[in-house]
Structure formats: C-alpha cells, structure tokens
Amino acid sequence: MNIIELLADLQTQHDETTARAGELRDQIEHLTATLAETEARLADLATTRKVIAELAPAGDELEPPETSTAYQAIVNTFNQHPDQEFRARELHELLCMPTHEASVNITRSRLGRLTRRGFLTQPGRGRYQKRT
C-alpha cells in the first residue's frame, strides 16, 4: 500500500466517523428533548397527585366502609352457598338489605365487578354463582 492509498483510506474512515458522530449528536438532541418532556410530565403528575391528596377526604380508605362491608357480605354469602345461584334481589332479601330498585341496582354492579374479577360466574341472565 502506498501513501496515497493510505491517505485515501484515512479520509474514508474520517468521513465515516464524522457522519457517525453527527448521527449520535442528533440522537442526543432527540433524547434530551424527550427527557425534558418526560420530566415535565412527571412534574405535572406529582402536582396532580398532591392536589388530589389535599382535596380527598381524610382517611386511608379508598371506598367508604359501607361499600367494603357490602362486598364482604356478598362474598360471604357466596362462600356459604357455593353451589347456589342468586339474583341480586334474592341476595338483598337473604342479607336483610333494602330491596328498593336503586339499592338492588348497586348490588347488580357489585356482582358484575365480582364476575369480571373472576370470583363469580353468570350461569344465566341476572344469576350469579361462586366460581368453582
């Protein structure tokens, strides 16, 4: 290899390395901008969480106690009668809960949640049974 070929090879390597350095600078600029956006989003989320925590009622409970108690009563009933199917109104009567339509509709929603979470099955329309 003569000097001219060596210089040409060095120039090619220089050009390729210069191009790679430019690509890396572009990536750094992109990542820097993305990082700034992400940090701004984190700050917004922290502020939102702080505001909601200040506005939320005092106490550590996510649901009012009566809701947790209602779910527990429903779950206990299905645990005591694992092979029996229930309708929402039948549960209310069995648990001595109010049987007016609004109250029964709330229980229907609870039964739907328990079904989606896999605790109950729905063998027929409006009927619920413990998953076995």
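Sequential numbering from 1 along the given sequence is applied to the chain's residues.
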Visitor: At what distance, to the nearest 0.5 angstrom, does CG of Leu111 lie from CD of Gln122?
Guide: 8.5 Å

Visitor: Is there a side-chain contact between His100 and His92 in this structure, where contact means two heavy atoms from C-beta onward sitting under 4.5 Å apart?
Guide: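 No, their side chains stay 4.5 Å or more apart.
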
Visitor: Could you tell me whether the side chain of Phe86 reaches within less than 4.5 Å of the side chain of Gln129, counting heavy atoms only?
Guide: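 Side chain of Gln129 against side chain of Phe86, heavy atoms only: no contact under 4.5 Å found.
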
Visitor: Kindly compute the distance separating CD1 (Ile74) from CZ (Arg113), expressed to the nearest 0.5 Å.
Guide: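 Spacing of CD1 (Ile74) from CZ (Arg113) equals 10.0 Å.
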
Visitor: Measuring from atom OG1 of Thr107 to atom CZ of Arg89, what distance do you get when rounded to the nearest 0.5 angstrom?
Guide: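 Output value for this atom pair is 10.0 Å.
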
Visitor: Are the side chain of Arg110 and the backbone N or O of Ala70 linked by a donor-acceptor pair below 3.5 Å?
Guide: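 A pair under 3.5 Å: no.
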
Visitor: For a 4.5 angstrom cut-off between non-hydrogen side-chain atoms, does Leu91 reach Met97?
Guide: no

Visitor: Enter the distance from Glu29:CD to Arg25:CZ here, rounded to the nearest 0.5 Å.
Guide: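 If we round to the nearest 0.5 Å, Glu29:CD and Arg25:CZ are 9.5 Å apart.
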
Visitor: Of all residues at least two apart in sequence or in a different chain, which pass the side chain to side chain donor-acceptor pair (under 3.5 Å) check with Asp44?
Guide: none

Visitor: Charged N to carboxylate O under 4.0 angstrom, Glu93 versus Arg87?
Guide: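 Judged by the 4.0 Å cut-off on N to carboxylate O distance, Glu93 and Arg87 do not form a salt bridge.
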
Visitor: Sequence neighbours excluded and cut-off under 3.5 Å, please list the side-chain donor-acceptor pairs for residues 2-13, or say none.
Guide:
residue, atom, partner, partner atom, Å
Asn2, OD1, Ile4, N, 3.1
Asn2, OD1, Glu5, N, 2.8
Glu5, OE1, Asn2, N, 3.4
Asp9, OD2, Gln13, NE2, 3.1
Gln11, NE2, Asp15, OD1, 2.8
Thr12, OG1, Ala8, O, 3.0

Visitor: Search all heavy atoms of Ser103 against all heavy atoms of Pro98 and return the closest pair with its distance.
Guide: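 Nearest heavy atoms, Ser103 then Pro98: OG-O, 3.5 Å.
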
Visitor: Please say yes or no: joined through hydrophobic side-chain contacts below 4.5 Å, possibly via intermediate residues, are Ile106 and Tyr71 part of one cluster?
Guide: no

Visitor: Return the minimal non-hydrogen interatomic distance between Gly112 and Tyr128, and the atom names on each side.
Guide: N-CE2, 4.4 Å

Visitor: When you check the gap from the basic side-chain N to the acidic O, do Glu85 and Lys130 get nearer than 4.0 Å?
Guide: no

Visitor: Both conditions, 6.0 Å and 45 degrees, for the charged tip of Arg131 above the ring of Phe119: are they met here?
Guide: no

Visitor: Sequence neighbours left out, what passes side chain to side chain donor-acceptor pair (under 3.5 Å) with Arg20? Give chain and number order.
Guide: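 Side chain to side chain donor-acceptor pair (under 3.5 Å) list for Arg20, sorted by chain: Glu23.
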
Visitor: Kindly indicate whether the side chain of Phe78, heavy atoms from C-beta on, has any atom under 4.5 Å from the side chain of Leu114.
Guide: no

Visitor: Specify the closest pair of heavy atoms between Pro123 and Thr121, including all atoms of both residues, with the distance to one decimal.
Guide: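 Distance-wise, the nearest heavy atoms are CD-O, 3.4 Å.
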
Visitor: Please determine, by modelled atom types, if Gln72 and Asn76 share a side-chain donor-acceptor pair under 3.5 angstrom.
Guide: yes

